[in-house]
Number of protein chains: 2
Amino acid sequence: MAEKIDLKRIARELNLAVSTVSRALRDSYEISEETKQKVFALARQLNYEPNPYASSLRRQRSKTIGVVLPELPNNFFTHVVNGIEWVARQKGYHVLIYITHEQMEQEISLIRHLQSGRVDGVLASVCAGTQDIAHFRSLHQHGIPLVFFDRVCEDSGFPTVTTNDYEASYHATVHLIQQGCRHLYHLTLPLHLSITRKRLQGFLDALQQYQLPVNESTVLIAKDMDLFYDQLDQLLCSTQPPDGIFAAVEKLVLLVYHICQKRHIRIPSQLKVLAFSNLETAPLLAPPLTTITQPAFEIGKKAAELLFRKIEKKRDILEQMHYVIPSALVIRDSTRSLGQALSNQSAAEWIHSA
Amino acid sequence: MAEKIDLKRIARELNLAVSTVSRALRDSYEISEETKQKVFALARQLNYEPNPYASSLRRQRSKTIGVVLPELPNNFFTHVVNGIEWVARQKGYHVLIYITHEQMEQEISLIRHLQSGRVDGVLASVCAGTQDIAHFRSLHQHGIPLVFFDRVCEDSGFPTVTTNDYEASYHATVHLIQQGCRHLYHLTLPLHLSITRKRLQGFLDALQQYQLPVNESTVLIAKDMDLFYDQLDQLLCSTQPPDGIFAAVEKLVLLVYHICQKRHIRIPSQLKVLAFSNLETAPLLAPPLTTITQPAFEIGKKAAELLFRKIEKKRDILEQMHYVIPSALVIRDSTRSLGQALSNQSAAEWIHSA
DNA sequence: TTGTAAGCGTTATCAT
DNA sequence: ATGATAACGCTTACAA
């Protein structure tokens, strides 16, 4: 076991004061070039790594940010985290990951803990159930900046980074209608979330625009996954099945594919399907899935950049509180109408992004 | 901005010593029930959260572990992290995520930094290029436990958690051969990694067992992805194309699917394909992909459990240094031979449309 | 240019 | 059962 190397040790060996060594290592202008060189050399030789907790305690900043998200095995969130990590690394910051698993109590206790000063700022995407945001306000009162991404709390006074949920939904729905769908259904998560509300609204407005009927069964909200699967199964096998499905989140469209596979329902001839999704395998599915692809990396990057602006100068007034980075509607076979040729662009498209 | 709540503040309000409050909050037997209640009540009322860095500094432990991995948007790694997080949460530990992006210098500087005491232990899956493990040894010398998972350094003296790479590969290859493949190719990453070597060995041994020929082009190693795509494209379009492909990692099998889609090569009739993969969409691909599915969550969970044993009692001798959790070969249409019934309609539709 | 010393908020030791 | 105090390793006035 290697003995501990601290400032005291380096100071002792060089016959210097601890403070001198500290300053030398931070390359302070007060210290002579000669001393600096000696200190650098020994520090390197001894493999010195400053104790981050001593430093954090003294300087009252942790060089750490917290990322709070509902789930990790999710193509959208992992790319967001990648974007965040990209920025954090440039800044020399560390990233703590917290997964809420959609449990509000987790989210609350976690955020309450983060008041402690463990992190200098927080990036969060809230639980599907979150309505009360007292815990986030409390965090703010403790002077810890917070930026929401994707699943944001609107009108909460915190900066947000999202995609153009409403417009993307609207246009995707219009696409479905133009492909001939007349009996459209919308699959989504509980409507507490602003993204689910906006995506739904875009969907409904398109239906209204085209004077297509809406009834209370048009919108299916997934609370429990097993239940939802059965519900969906019944819908797709009913005597009046939908001819178009819009899934507001990736997870739900996979259920549709599974059921269609099991029930031998053909996509797109019997049923057209599209979804908000960042599945890298979307072009390889049977059939290739039309997606609203969110700029996940950019969302993470932008959210992190905003957070660092807040961290670096708390008084900084952002010229804009709500950033919207548009999604792309990528049309693939799952929404093609019969007359249209099947495409093989997907491969080329994919290579390009890889 | 809420004023800072610390032990001193609580002590002052209750006319107690700081040390008493500290002990009360840790529910020490030395403190009277009455005092404890008062302290608890006030702490709760003031929303007290202890400063973790002060505590870490004093106690010389951080209640934090570090997870080092080559990439995050990857179905295997995200599930591993989920498993790790699951254990860490039980233990009241925090999780720092570090992504190396396959850059060895990143890995080295990162691990060197972690000597600082920022974490109480490290879980790592190394870069494809990592050969020298001096940085890991150095970490160990600083008394910080390390457990490798998946991409492990063998014979390094550190505990490892992996799947049964060799056996799984061997059996998967036998499966391909039994399905009629005679011209098999193996796609993999650089062979510095123990997983790539073991998977390759399982593959080669099966070929030898069945007396199938092996030549220098049988094994394709992906260094640069763009280059590899072209190389693969040429192979699949050559006059002597393979009739079976084994991809040692998920990323590479997707290239195969893309090329087959673009080149109208039919799977499985012209080419059978399987891969190590944790793709949740494997059953939904065109055609459904036969996978060697790794127990990702369990690997993360086991690795974390081992790490905590080391953290909690450094002298603890593990009765076993290398844990192997078996993968499952999930046979789907991508390796079915012609005589066999297709498992579902999506494959039928795919063939029809191809 | 360098040294001395206080202090960050907690915990552990020793006293009362 | 509670209090006083030192110490964790570093940064930063202030002094020299």
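Throughout, a chain's letter reflects where its sequence line sits, starting with A, and its residues are numbered from 1.
Each end of the helix from dT1(C)-dA16(D) to dT16(C)-dA1(D) gets its own axis from five base pairs, and the two axes differ in direction by 40°, given to 10 degrees.
Residue pairs meeting the ring pair (Phe, Tyr, Trp, His ring centres under 6.0 Å) criterion with at least one partner in residues 100-150 of chain B, sequence neighbours excluded, are H94(A)-H113(B), F136(B)-F148(B), H140(B)-F158(B), F148(B)-F158(B). Pairs engaging residues 30-55 of chain A under the ring pair (Phe, Tyr, Trp, His ring centres under 6.0 Å) rule: Y53(A)-Y53(B) [sequence neighbours left out]. Identified under the salt bridge (Lys or Arg N to Asp or Glu O under 4.0 Å) test for residues 20-42 of chain A, with sequence neighbours left out: R23(A)-E30(A), D27(A)-K36(A). Applying the ring pair (Phe, Tyr, Trp, His ring centres under 6.0 Å) test to residues at least two apart or on different chains, none of the pairs has a partner in residues 54-82 of chain A. Pairs passing the salt bridge (Lys or Arg N to Asp or Glu O under 4.0 Å) check and including a residue from residues 47-68 of chain A, sequence neighbours excluded, do not occur.
The closest donor-acceptor contact from the side chain of S194(A) to the backbone of V152(A) lies under 3.5 Å. The main-chain N or O of S156(B) is found under 3.5 Å from a side-chain atom of R137(B) such that the two form a donor-acceptor pair. Of the possible donor and acceptor atoms, one in the side chain of E102(A) sits under 3.5 Å from a partner among the backbone N and O of A128(A). S116(A) contributes no side-chain N or O that, together with a main-chain N or O of N51(B), makes up a donor-acceptor pair within less than 3.5 Å.
E154(A) pairs by the side chain to side chain donor-acceptor pair (under 3.5 Å) definition with K198(A), not counting sequence neighbours. Legend: residues meeting salt bridge (Lys or Arg N to Asp or Glu O under 4.0 Å) with D150(A), ordered by chain and number and at least two apart, are R199(A).
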Return a table of donor-acceptor pairs under 3.5 angstrom between the side chains of residues 7-14 of chain B and protein atoms on other chains or two or more places apart.
{"unit_1": "R9(B)", "atom_1": "NE", "unit_2": "E13(B)", "atom_2": "OE2", "d": "2.7"}
{"unit_1": "R9(B)", "atom_1": "NH2", "unit_2": "E13(B)", "atom_2": "OE2", "d": "2.9"}

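Against DNA chain D, the stretch residues 109-122 of chain B makes no heavy-atom approach under 4.0 Å.
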(message) Return a single string for nucleotides 9-16 of chain D, one symbol per nucleotide in 5' to 3' order, where B is base contact, S is sugar-phosphate-only contact and - is none, cutoff 4.0 angstrom on heavy atoms.
(response) BBBBBB--

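Nucleic acid contact class of S56(A) (heavy atoms, under 4.0 Å, all strands): none.
Counting 5' to 3', DNA chain C first comes under 4.0 angstrom of a heavy atom of chain A and last does so at the ends given by dT1(C) to dG9(C).
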